[in-house]
Amino acid sequence: MRVVSLCPSNTELVVYLDRSQFLVGVDDYTDWPEEIAHLPRVGPDLSIDLDAVEALKPDIVLASLSVPGMEKNLDGLEARGLPYITLDPQSLADIGNDLIRVGEAIGCPETGKQAADDFCEKLHTFREKSRQVRTYPTIYWEWWPKPVFTPGETNWLTEISELAGGENLFEDWPQSSVQTTWDDVLERKPDIICLSWVGVDQNRVNPEAVKKRPGWESLSAVKNDRVYVMEEPLFCRPSPRLLLGLEKLAGVLHPAVFRTET
């Protein structure tokens with residue numbers, strides 16, 4: 001089986017299924033796990049080199065619609081007659097279903113079903129733990145600072161927040177991604193600020209600059225030094241690695257409740 005993945009989260013699904021040996025090419029942004037770093041790169045997600053994909057003679061291409069603009073890759077795959085499936089997960093349930101779909105597509109349906117069951121069982125464990133939480137702090141997730149983007153209701157980070165014993169500050173917006181302003185965030189008064197800028201290494205994100213935004217010194221999140229830089233790969237990619245992000249967030253919000261999680 002020869003598999004080409006066009007985005008990091010799709011690559012991570014294959015690895016979670018323990019079939020990394022099937023991968024023969026990945027997109028430029030795939031950075032995990034280290035043992036597949038040697039694989040040929042087929043370009044960034046919005047500008048995939050479809051000639052390079054075709055040259056790899058894939059049995060299946062794992063395409064994605066997780067970023068606006070990726071749909072043009074589908075047109076190119078169609079034009080070349082390359083076999084593919086398209087993933088567009090917005091929720092944790094979608095990720096579980098994608099494990100099943102990918103498992104079927106790469107010839108290991110039973111493995112896909114078992115991986116999905118394991119994924120859902122781990123989510124259930126956190127859900128049961130979160131019932132012990134008495135107070136759910138509000139969390140402002142910052143995907144991008146200017147213009148300001150943050151997840152809305154129909155996004156996995158709303159679910160991750162709840163499972164960790166928190167509440168997404170913008171869960172009242174029905175969209176999966178919300179464009180807002182610093183003033184709007186200020187008016188909503190978040191208890192916690194989590195910075196996870198898409199495509200930016202966490203070491204390049206400066207929380208001190210965020211604290212200096214006009215009026216933000218009045219926020220309890222700033223006063224109580226509860227501004228956190230979170231690893232983008234563990235929170236912004238719809239793959240089972242979100243479980244690692246969930247574990248980290250739960251430990252930040254309610255360490256006494258979630259301290260036994262592994």
Charged N to carboxylate O below 4.0 Å: is that the case for Asp117 and Lys113? yes

What are the two closest non-hydrogen atoms of Phe119 and Pro240, and how far apart are they? CE1-CA, 3.8 Å

Membership question, hydrophobic clusters at under 4.5 Å side-chain separation (ILVMFWY): are Val148 and Ile193 in the same one? yes

Determine whether Ile100 and Phe22 fall in the same hydrophobic cluster, where Ile, Leu, Val, Met, Phe, Trp and Tyr are linked whenever their side-chain heavy atoms lie under 4.5 Å apart. no

Looking at side-chain heavy atoms only, is the closest gap between Leu13 and Leu62 below 4.5 Å? no

With the 4.5 Å side-chain cut-off for hydrophobic clustering, are Leu186 and Val222 part of the same group? yes

Got a second to check how far Met230's CE is from Ile160's CD1, nearest 0.5 Å? 11.0 Å

Would you say Asp184 and Thr181 are linked by a side-chain donor-acceptor pair, where the criterion is simply a distance under 3.5 Å? no

I'd like to know whether Ile60 forms a side-chain contact (heavy atoms from CB on, under 4.5 Å) with Met1, so could you lay out the CA-CA distance, the side-chain angles of the two residues, the decisive distance to 0.1 Å, and finally the verdict. CA-CA 8 Å; Ile60 192 73; Met1 175 63 67; 4.1 Å; yes

Can Glu54 and Arg2 be counted as an ion pair, charged N to O under 4.0 angstrom? no

Side-chain donor-acceptor pair present, Ser176, Asn155, cut-off under 3.5 Å: no

Is there a donor-acceptor pair under 3.5 Å between the side chain of Thr154 and the backbone N or O of Pro174? yes

Can you tell me how far apart OG (Ser177) and CH2 (Trp173) are? Round to the nearest 0.5 Å. 10.5 Å

Between Arg131 and Glu128, is there a salt bridge with N-O shorter than 4.0 Å? yes

Please report the interatomic distance CG(Asn97) to CG(Leu87), rounded to the nearest 0.5 Å. 10.5 Å

Quick test of your reading of the model: are Arg188 and Asp172 salt-bridged, counting only N-O distances below 4.0 Å? yes

Please report the closest heavy-atom contact between Pro207 and Val227, naming both atoms and the distance. CB-CG1, 3.9 Å

Assess whether a salt bridge exists between Arg237 and Asp31, defined as any Lys/Arg side-chain N lying under 4.0 Å from an Asp/Glu carboxylate O. yes

Indicate the ring-plane relationship of Trp156 and Trp143, choosing parallel, tilted or perpendicular according to the 30° and 60° boundaries. tilted

By the side chain to side chain donor-acceptor pair (under 3.5 Å) test, which pairs, at least two apart or in different chains, include something from residues 33-48? none

Is Pro151 close to Val178 at the side-chain level, that is, under 4.5 Å between some pair of heavy atoms? no

Between Glu232 and Trp197, a side-chain donor and acceptor under 3.5 Å: no

Could you walk me through whether Leu219 and Trp216 pass side-chain contact (heavy atoms from CB on, under 4.5 Å), step by step? CA-CA 5 Å; Leu219 293 174; Trp216 283 38; 3.8 Å; yes

Can you see whether Ser64 engages Asn10 through a side-chain donor-acceptor pair at a distance of less than 3.5 angstrom? no

When you measure from the side chain of Glu12 to the backbone of Ser239, do you find a donor-acceptor pair of N or O atoms at a distance under 3.5 Å? no

Same cluster (ILVMFWY, side-chain, under 4.5 Å), Met70 and Val14: no

Nearest heavy-atom approach of Ala115 to Leu17 is CB-CD2, 3.6 Å

Taking the side chain as every heavy atom from C-beta outward, state whether Trp32 and Val15 have any pair of such atoms under 4.5 Å apart. yes

Would you say Tyr140 and Ile192 make side-chain contact, with heavy atoms under 4.5 Å? no

Between Cys108 and Arg19, is any pair of side-chain heavy atoms under 4.5 Å apart? yes

Is it the case that the side chain of Asp49 and the backbone of Asp51 share a donor-acceptor pair, with hydrogens and angles ignored and the cut-off at 3.5 Å? yes

Under 3.5 Å: donor-acceptor pair, side chain of Thr30, backbone of Val26: no

Answer yes or no: is there a side-chain heavy-atom contact under 4.5 Å between Lys223 and Glu217? no

From CD1 (Ile139) to CD (Glu171), nearest 0.5 Å: 10.0 Å

Can you tell if the side chain of Ser220 reaches within under 4.5 Å of the side chain of Arg226, non-hydrogen atoms only? no

For the student: nearest non-hydrogen atoms of Ser196 and Phe235, plus distance: OG-CB, 3.9 Å

Looking at CZ of Phe258 and OG1 of Thr125, how far apart are the two atoms once the value is rounded to the nearest 0.5 Å? 10.5 Å

Aromatic contact, Phe170 with Trp141 (centres under 6.0 Å): no

Is Val67 reachable from Phe149 through a run of hydrophobic residues whose side-chain heavy atoms are each under 4.5 Å from the next? no

Any side-chain donor-acceptor pair under 3.5 Å between Ser5 and Thr11? yes

Nearest atoms (heavy-atom pairs only) where Ala250 meets Phe126: CB-CE2, 4.0 Å

Report the C-alpha separation of Leu234 and Leu243 in whole Å, then their side-chain angles, then the decisive distance to 0.1 Å, and conclude whether the side-chain contact (heavy atoms from CB on, under 4.5 Å) test is met. CA-CA 8 Å; Leu234 302 186; Leu243 290 171; over 6 Å; no

Looking at Thr138 and Asp191, would you say the former's side chain and the latter's main chain have a donor-acceptor pair under 3.5 Å? yes

Could you check whether the rings of Tyr136 and His254 sit parallel, tilted or perpendicular, using 30° and 60° as the cut-offs? tilted

Please report the interatomic distance SG(Cys194) to CG(Leu169), rounded to the nearest 0.5 Å. 11.0 Å

Who pairs with Glu208 by side chain to side chain contact (heavy atoms under 4.5 Å, CB included), at least two apart in sequence or on another chain? Asn206, Lys211

If you count the non-hydrogen atoms of other residues, nucleotides and ligands that lie under 6.0 Å from CD in Glu162, is the total more than 12? no

Do Val200 and Trp144 have side-chain heavy atoms sitting under 4.5 Å apart? yes

Restricting to non-hydrogen atoms, name the atom on Ala105 and the atom on Ile85 that form the minimum distance, rounded to 0.1 Å. CB-CD1, 3.8 Å

Fellow cluster residues of Val53, listed by chain then number, with links counted only when side-chain atoms sit under 4.5 Å apart: Val4, Leu6, Val24, Val42, Ile48, Leu50, Leu56, Val61, Leu65, Leu74, Leu77, Leu82, Tyr84

Is there a donor-acceptor contact under 3.5 Å linking the side chains of Asp88 and Gln90? yes

Would you sort out whether Asp98 and Arg101 count as a side-chain contact (heavy atoms from CB on, under 4.5 Å), showing the intermediate values? CA-CA 5 Å; Asp98 283 348; Arg101 285 191 65 202; 4.2 Å; yes

